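What follows is a short report on a single structure.
Just so it is clear, the structure is predicted and the values come from calculations on it, not from any experiment. For the numbers below, each heavy atom of this structure counts, side chains included, while hydrogens, waters and symmetry mates do not.
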Amino acid sequence: MIEQSVSSPPRGGARLPVRADAGRYLILAVVFVCAACGLVYELELVALASYLIGDSVTQASVVLSVMVFAMGVGSLLAKRLRCRAAFGFGLLEAALALLGGSSALVLYASFIWLGESRYALVGFSVAIGILIGAEIPLLMALIQRFSRQDAEGTVADLFAADYVGALVGGLAFPFLLLPWLGQLTGALVTGWVNAVAGGGLVLWLFRRDLTRRSRWVLVTVNVLVLALLATAAVLVDDFERAARRAVYGDQVRVAIHTDVQEVVITGGRRGPLELYLDGRLRVSARDEFRYHEALVHPAMRGPHARVLILGGGDGLAAREVLRYGDVREVTVVELDPGVVRLARTDPALRELNGGVYGDGRVRAVYEDAFTWLREAVDAGGVRGGAYDVVISDLPNPGVTASTKLYSEEFYGLATRVLADGGRLAVHAGSPTTQRRTYWTVDATLRAAGFGTTPYHATGWPSGFAAGPDRVKDGTPAVSDWGFELAGVGASPRLGLARDAPRLRSLEGATLVEGARGVGRTRMRGLPPSTLVHPRYGA
């Protein structure tokens, strides 16, 4: 008699197959799984949008704000389904599994073949947000079939399971899914788990609430969703190869995911070598000498026995430094050991950099440049004394992730490792297409106590491999590289060391004229007092 009352629904309706406590815990377990899957979908969208579009702060803000708004809309729309909560939740989870699981594939495909992924990003954010928002109201209706608690206690249990699931999903994404499965397969597997959890709950625990037709609809929909996700997971390698050919052409020789980024090398045998990091062109053998000669040689005017290169794991800046026979030591601080490994072992890249890592004067350190400088300063100085020259061969200053490497604090640390009369050379973005960013770097250097000499040289742009800045009307686009030559307290002269070999590119390197007024501003990724910017016109 007692067991019958426990296993019967408190509010009438079909008899349920398990005891009340067991049913309640099963529903909370599904809440946990669905919350984990939902957060993985959010993080997938943020990560892929940052990779394809850039500016991670903006993309994260767009995805998260749109999804939170859509979740509110989904909660309101769920009212219409409460009378058929079990059937509605089953369909909702199948739709969420399909959309969330395929989102990374569709975003990637839209960028590669359509050249635009922003609209797809917003569309997925809205759709997934609506579905996630509708989950809790429907689950609330379902758990009340088993729960004898008051409404407040039931809500507390649901949200506790939801938040803990979100924690697990948030940790699983960077530490399990990305390293083991990658973005595309990770999203597909997450969708599969989502569909099994949601469909299994409804088709087993609430099967007696469903009509025969509803059961067959849910079974058919879930089987189709699972089949589509499984098929996509099997074909994902073929998809990635096709997408890679569409982006990089048919001469891809190396395509690896390091712990830091995706590294792709094309050419080197039948054509000019090109090195891409996270899809963005970083080195082109056609004209990389223009960039590296313009970056390195002006700073070598004066003492240059000890040289520090921040970034530059490809070894090309070190190659230019080693052209000076009186250089005694070169330290390369590179975040990604995978890039240095390729620079040592890839035949074409090793030939391009002159085999610098086989030179006993070159030492590679695998660490973030900011952290390495700070630790060197905190330790009371660098090993072997101060550096005569510091070369900052770092990612574009317009990329949010590298903002701290162009901050006043960063340059302040650089002054602490420079010898008296030492020079700092900085890649500062294009003074033509990134005018504000370029002069921000100039003003920040001066705020840190440097005198600056701004200059630039022409070459290929370093945008995304499939981006519009690479090719215009079938013709490779031409951009310019902006640099800053800086000295503590005084502006160094733009020139070459007397013993430098004849250079091909610096004949075209010219000074850049611009405003010098300074004001403080907030820059993405750092506190408002960190960077300074110039005051100038449009």
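In this structure, Phe239 places its CZ atom where more than 12 heavy-atom neighbours from other residues, nucleotides or ligands lie under 6.0 Å away. Atom CH2 of Trp372 has more than 12 neighbouring heavy atoms from other residues, nucleotides or ligands inside a 6.0 Å radius.
A salt bridge links Asp238 with Arg241: at least one charged nitrogen is closer than 4.0 Å to a carboxylate oxygen. Look at Glu116 and Arg118 and you find a salt bridge, because one of the NZ, NE, NH1 or NH2 atoms lies within 4.0 Å of a carboxylate O, short of that distance. Taking the charged nitrogens against the carboxylate oxygens, Arg341 and Asp346 have no contact shorter than 4.0 Å, which rules out a salt bridge. Salt-bridge formation is detected for the pair Arg286/Glu274: a Lys NZ or Arg NE/NH1/NH2 atom is positioned less than 4.0 Å from an Asp or Glu carboxylate oxygen.
Looking at heavy atoms from C-beta onward, Val283 lies in side-chain contact with Leu352 at the 4.5 angstrom threshold. Side-chain atoms of Ile27 and Leu205, non-hydrogen and from C-beta on, do get closer than 4.5 Å to each other. Side-chain contact check for Val189 versus Leu181: some heavy-atom pair is nearer than 4.5 Å. In this structure, Asn353 and Asp314 have side chains that are not in contact, with every pair of non-hydrogen atoms separated by 4.5 Å or more. Residues Tyr291 and His427 form a side-chain contact, since some pair of their non-hydrogen atoms from C-beta on lies under 4.5 Å apart.
For the pair Arg84 and Phe87, the cation sits on the ring face: its NZ or CZ lies under 6.0 Å from the ring centre, inside 45° of the axis.
Listed for the Thr211 side chain is a donor-acceptor partner under 3.5 Å among the backbone atoms of Ser214. At distances below 3.5 Å, not a single donor-acceptor pair connects side-chain atoms of Arg82 with backbone N or O atoms of Ala141. With Arg282 contributing its side chain and Tyr276 its backbone, the two residues share no donor-acceptor pair below 3.5 Å. Checked by atom type and distance alone, the side chain of Asn194 never pairs as donor or acceptor with a backbone atom of Cys34 at under 3.5 Å. Formation of a donor-acceptor pair under 3.5 Å by the Thr433 side chain with backbone atoms of Ser430 is not found in this model.
The shortest heavy-atom contact between Ala285 and Glu288 is CA-CG, 4.0 Å. In terms of heavy-atom proximity, Leu45 sits nearest to Ser125 at CD1-OG, 3.9 Å. A pairwise comparison of heavy atoms in Gly249 and Val252 identifies O-CG2, 3.8 Å as the closest pair. Between Phe370 and Glu409, the closest heavy-atom pair is CZ-CB, 4.2 Å. Nearest heavy-atom pair across Ala35 and Ala166 is CB-N, 3.9 Å. Scanning all heavy atoms of the two residues, the minimum distance from Asp368 to Leu335 falls at N-CD1, 3.8 Å.
Side-chain polar atoms of Asn396 and Gln434 form a donor-acceptor pair below 3.5 angstrom.
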